[in-house]
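Computed over heavy atoms, backbone and side chain alike; hydrogens, waters and symmetry mates excluded.
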Amino acid sequence: MAEVIAIKETFLSAPKFAVVGASKDQTKFGTKVLKWYQARDKDVTPVHPVRAISQKEDELEGLKTIRSLSDLPSPTETSISIITPAKITLGILEQAKSLNVSALWLQPGAENEEVINYINENGLANKVIYGGPCILVDGDGVLKSLL
């Protein structure tokens with residue numbers, strides 16, 4: 001448990017944040033997470049990959065979107081919230097590992113057994129929050145502990 005708290009503190013201590021999974025749909029958790037960062041004046045970037053079946057969004061919640069984690073200006077200083085189906089999460093984790101992202105927070109439902117195996121087999125267990133904690137529930141408490 002103490003390890004998860006330490007990862008959360010590392011995650012929320014980053015100077016920059018990114019959200020993978022935000023959309024124009026205000027009811028979706030990806031958008032709620034993006035707005036959570038905005039409400040706390042965090043430097044946040046929405047990542048909106050282009051898929052054949054989805055529309056390309058150049059802006060979400062007034063912020064310019066990027067297409068890939070590799071488009072982040074400083075990925076090693078960016079903590080990433082992931083709110084995607086597990087099969088997409090796996091690819092995001094692979095990108096994050098290659099870019100040496102410092103911390104990732106998988107929102108509930110963004111992982112499955114394959115994703116968890118990837119985390120453990122690739123030395124990411126000390127960088128990834130997964131298995132249930134939600135930034136919308138836990139985030140403010142962690143931010144207060146950092147003061």
Side-chain angles (χ1 to χ4, degrees), residues 1-51 54-111 115-116 118-120 122-147:
M1 185 67 166
E3 186 176 303
V4 173
I5 292 169
I7 300 170
K8 287 178 184 177
E9 289 174 349
T10 297
F11 182 93
L12 285 169
S13 295
K16 298 177 183 292
F17 299 89
V19 176
V20 184
S23 70
K24 291 222 180 251
D25 186 338
Q26 299 290 309
T27 66
K28 298 281 188 173
F29 279 100
T31 304
K32 290 178 182 184
V33 169
L34 180 63
K35 291 172 89 169
W36 184 88
Y37 287 112
Q38 288 181 302
R40 286 144 188 85
D41 294 320
K42 298 297 182 185
D43 183 350
V44 63
T45 301
V47 181
H48 192 78
V50 177
R51 293 187 201 92
S54 72
Q55 284 185 259
K56 177 175 103 170
E57 300 296 350
D58 293 324
E59 188 178 282
L60 291 170
E61 299 305 315
L63 300 171
K64 183 180 180 335
T65 61
I66 60 172
R67 301 287 166 233
S68 167
L69 297 186
S70 62
D71 295 332
L72 288 167
S74 46
T76 59
E77 298 176 4
T78 305
S79 287
I80 300 171
S81 286
I82 301 175
I83 311 96
T84 59
K87 64 182 180 178
I88 294 169
T89 300
L90 191 57
I92 304 290
L93 287 174
E94 290 167 351
Q95 288 178 46
K97 181 179 184 236
S98 72
L99 294 167
N100 200 25
V101 168
S102 62
L104 300 106
W105 195 321
L106 308 186
Q107 292 301 296
E111 82 275 344
V115 167
I116 294 167
Y118 181 86
I119 291 167
N120 292 323
N122 286 276
L124 298 175
N126 64 341
K127 292 183 171 192
V128 182
I129 301 157
Y130 66 92
C134 176
I135 197 166
L136 301 174
V137 174
D138 296 357
D140 286 326
V142 176
L143 286 175
K144 284 179 186 162
S145 75
L146 295 172
L147 298 177

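- Using cut-offs of 30° and 60° on the angle between ring planes, the pair F17 and F11 is tilted.
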Item checked: Intermediate values then yes/no, side chain to side chain donor-acceptor pair (under 3.5 Å), K35 and Q26 -> CA-CA 9 Å; K35 291 172 89 169; Q26 299 290 309; 2.6 Å; yes
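- The two residues A96 and L104 make their nearest non-hydrogen contact at CB-CD2, 3.6 Å.
- Between V47 and V19, every side-chain heavy-atom pair lies at or beyond the 4.5 Å cut-off.
- Put simply, the side chain of I135 reaches to within 4.5 Å of the side chain of Q107, judged on heavy atoms.
- Taking each heavy atom of A125 and E3 in turn, the nearest pair found is O-OE2, 4.1 Å.
- Side-chain atoms of S70 and Q95 include no donor-acceptor pair closer than 3.5 Å.
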Item checked: Derivation and outcome, side chain to side chain contact (heavy atoms under 4.5 Å, CB included), residues T76 and S102 -> CA-CA 6 Å; T76 59; S102 62; over 6 Å; no
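- Here the CD1 atom belonging to I7 is positioned 12.0 Å from the CG atom belonging to L12, to the nearest 0.5 angstrom.
- Sparse packing is recorded around CZ of F29, with 12 or fewer heavy atoms of other residues, nucleotides or ligands lying under 6.0 Å away.
- Exactly one residue among I80, V115, V101, N122 makes a side-chain contact (heavy atoms from CB on, under 4.5 Å) with L93. That residue is V115.
- Residues D58 and H48 fail the side-chain proximity criterion, which asks for heavy atoms closer than 4.5 Å.
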Check: How far apart are the C-alpha atoms of I83 and K32, what are their side-chain angles, what is the distance that settles it, and do they pass the side chain to side chain contact (heavy atoms under 4.5 Å, CB included) test?
Finding: CA-CA 10 Å; I83 311 96; K32 290 178 182 184; over 6 Å; no
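- Evaluated for a side-chain contact (heavy atoms from CB on, under 4.5 Å) with Y37, the options L63, V44, T45 yield exactly one hit, V44.
- Taking CD of E59 as the reference point, atom NZ of K64 lies at 9.5 Å (rounded to 0.5 Å).
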Item checked: Audit row: E61, T31, side chain to side chain donor-acceptor pair (under 3.5 Å) steps and yes/no -> CA-CA 8 Å; E61 299 305 315; T31 304; 5.4 Å; no
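- Contact check for C134 versus W105: no side-chain heavy atoms found under the 4.5 Å cut-off.
- Classification of D138 and K8 as a salt-bridged pair holds, one side-chain N sitting under 4.0 Å from a carboxylate O.
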Next item on the list: Evaluate the side chain to side chain contact (heavy atoms under 4.5 Å, CB included) criterion for residues L99 and L72: first the C-alpha distance (whole Å), next the side-chain angles of each, then the deciding distance (0.1 Å), finally the verdict.
Entry: CA-CA 10 Å; L99 294 167; L72 288 167; 5.7 Å; no
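- Side-chain atoms of K42 and L143, non-hydrogen and from C-beta on, do get closer than 4.5 Å to each other.
- Side-chain contact between Y118 and L124: present, with at least one pair of heavy atoms (C-beta onward) separated by less than 4.5 Å.
- Between the S79 side chain and the A14 main chain, no donor and acceptor come within less than 3.5 Å of each other.
- The two atoms that bring I82 and A110 nearest to each other are O-CB, 3.7 Å, heavy atoms only.
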Checklist line | S23 and D25: CA distance, side-chain angles, deciding distance, side chain to side chain donor-acceptor pair (under 3.5 Å) verdict | finding: CA-CA 5 Å; S23 70; D25 186 338; 5.3 Å; no
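- In this structure, L146 and S13 have side chains that are in contact, with non-hydrogen atoms separated by less than 4.5 Å.
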Margin query: Checking T89 against V20 for the side chain to side chain contact (heavy atoms under 4.5 Å, CB included) test, could you report, in this order, the C-alpha distance in whole Å, the side-chain angles of both residues, the deciding distance, and whether it holds?
Written below: CA-CA 9 Å; T89 300; V20 184; over 6 Å; no
